[in-house]
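The structure appears right after this line, and notes come after that.
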Amino acid sequence: MSTSIALNNLHGRHIVLGITGGIAAYKSAVLVRLFVKAGAEVQVIMTPNAREFIGPVTMSTLTGKPVITEFFSANTGEWHSHVDLGLWADAMVIAPATASTIAKMANGVADNMLVTSYLSARAPVFVAPAMDFDMMQHPSTVRNIETLRSYGNHIIEPAEGELASHLVGKGRMEEPEAIALAIDAFFGVSGPLAGHHVLVTAGPTYERIDPVRFIGNFSSGLMGYAIANAAASMGAKVTLVSGPVDRSLRTYPGVETVQVESAREMLDACAKAFPESDIAIMAAAVADYRPSECHESKIKREKDGIDVIELVKNPDIAATLGQMKRPGQVLAGFALETDHERENAKDKLARKNLDMIVLNSLRTPGAGFGVTTNAVEIIFASGNPAISVPLKSKEEVALEVVRAAAILLPL
Ligand code: C5P
């Protein structure tokens, strides 16, 4: 995975993580790290079997809290209150959830601390099943999972892949990052952009010369993807129009990605989505020119002897949307300048009828193309004071950009 997606909605949340006895228990340590890094407080409850798969010391070190397994502490006789835990939790996550624990949860078999706490929990519950393919398919498991759904529990569907049994099929616990994202997205649904539609462009465009060659650029798409993810984490419905980028770039749950190749394809996808959008952020590095013709077959050095490629101007997507813009819609662009940065950015702001422009500072080491950090200045058409964002991760810069655009939305 080449990017990590910021978890923006877990800060200060109380998460009870239930771990049961499956091989995937080793992934729970990574899950805890993600929660803790995002600012959540985590209390781990393990079933007695889970301790055979991962040591409680690992989990208590990562969470900074003793792991609970028994109803009573063997040393002190202290009673662990499942009721208090159930009330403390903002979310309860059971990962991995074995067939046995799922069956107990579905039927109220409260013979361990984990299931007892589950029955007392008032918080939303997320269940990440992990088991062998055949167990997953068994009508009893299928029925039990359906029962949990009917209780309002959220099932994080297992992935397809090679299982511990070496069988291949559905049953592998979803990756910790996907589990953490599902929970983050749950809390993000009621975020500040709930009910709004955001359109984002990302990546380069490729303009074909012949079937195997193109004119492109070095844009990685990282900034645009981070913007789409930030908007989705704030509750927006997001359409991401993406040029050709590394397929391992991840999107936040609910981001609808439209893959395009050329500037003209990008324009078509944007023109379609823009009328329904409240905010559009143009972060793509669109090729300014394309070859005037695309050769049908591969150009041969000997036969075709081409030494000049004729170019024609591509449409300006941001400017086209600027012309389509209705009152109340917010349109934002990016500017990458090498000299007279502010003047050029302001000129672009006016020329393309943008409401806001994000000026990439190429002078700051660590900012711009192909790196994971950026430093920008956000300039507004309204004359609002510019916002200077110092060098930060692209995820953090993305949050600032989306927040700045959100401020411009009509009340
Ligand atoms: O004019 P320039 O390419 O520097 O403008 C940059 C801004 O315009 C970016 O937001 C970029 O996504 C957008 N753009 C566009 N279509 C083009 C060229 C640029 O949408 N053909």
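Order of listing sets the numbers, starting from 1, for every ligand and every atom in it.
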Test side-chain contact (heavy atoms from CB on, under 4.5 Å) applied to V241 and M266, E256, M282, Q259, the passing residue: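 Exactly one candidate clears the test, M266.
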
Give me the atom names and distance for the closest heavy-atom approach of L193 to A406. CD2-CB, 3.9 Å

Could you say whether the N/O atoms of [X] and ligand 1 ever approach to under 3.5 Å?
X: A287; value: no
X: A335; value: no
X: A285; value: no
X: T201; value: no
X: M282; value: yes

For ligand 1, does N314 get within less than 4.0 Å through its side chain, its backbone, both, or neither, judged by non-hydrogen atoms?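 Neither; nothing of N314 gets under 4.0 Å from ligand 1.
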
Region of P315 that comes within reach of ligand 1 [heavy atoms, distance under 4.0 Å]: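 Looking at P315 and ligand 1, just backbone atoms fall under 4.0 Å.
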
Please round to the nearest 0.5 Å and tell me the distance separating atom CG of D355 and atom CG of N384. 10.5 Å

Kindly compute the distance separating CD1 (I102) from CZ (R143), expressed to the nearest 0.5 Å.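 These two atoms lie 13.0 Å from each other.
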
Is it the case that atom NZ in K237 sees more than 12 heavy atoms from other parts of the structure closer than 6.0 Å? no

Check whether more than 12 heavy atoms from other residues, nucleotides or ligands sit under 6.0 Å from atom NZ of K37, and answer yes or no. no

Assign the ring pair F186 / F126 to parallel, tilted or perpendicular, where the plane angle (0 to 90°) is split at 30° and 60°. perpendicular

What is the nearest protein non-hydrogen atom to [atom], stated with its residue, atom name and distance?
atom: atom 20 (O) of ligand 1; answer: A318 N, 2.8 Å
atom: atom 4 (O) of ligand 1; answer: K348 NZ, 2.5 Å
atom: atom 16 (N) of ligand 1; answer: I317 N, 2.9 Å
atom: atom 7 (C) of ligand 1; answer: F334 O, 3.0 Å
atom: atom 17 (C) of ligand 1; answer: V286 CB, 3.5 Å

Intermediate values then yes/no, salt bridge (charged side-chain N to carboxylate O under 4.0 Å, His left out), E157 and R149: CA-CA 12 Å; E157 290 289 341; R149 266 192 235 278; 2.7 Å; yes

In terms of side-chain heavy atoms, does N360 have a donor or acceptor partner in N374 at a distance below 3.5 Å? yes

G333 heavy atoms, cut-off 4.0 Å: which ligand 1 atoms fall inside?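 Under 4.0 Å from G333, ligand 1 has these atoms: 10 (O).
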
What atoms of ligand 1 come within less than 4.0 Å of a heavy atom belonging to A284?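 Numbered from 1, ligand 1 contributes 11 (C), 12 (O).
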
Any donor and acceptor pair, going by atom type alone, linking the side chain of Y252 with main-chain N or O of A185 inside 3.5 Å?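 Yes, because the side chain of Y252 sits within donor-acceptor range (under 3.5 Å) of the backbone of A185.
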
With a 4.0 Å cut-off on heavy atoms, is K352 in contact with ligand 1?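 Yes, K352 has a heavy atom closer than 4.0 Å to ligand 1.
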
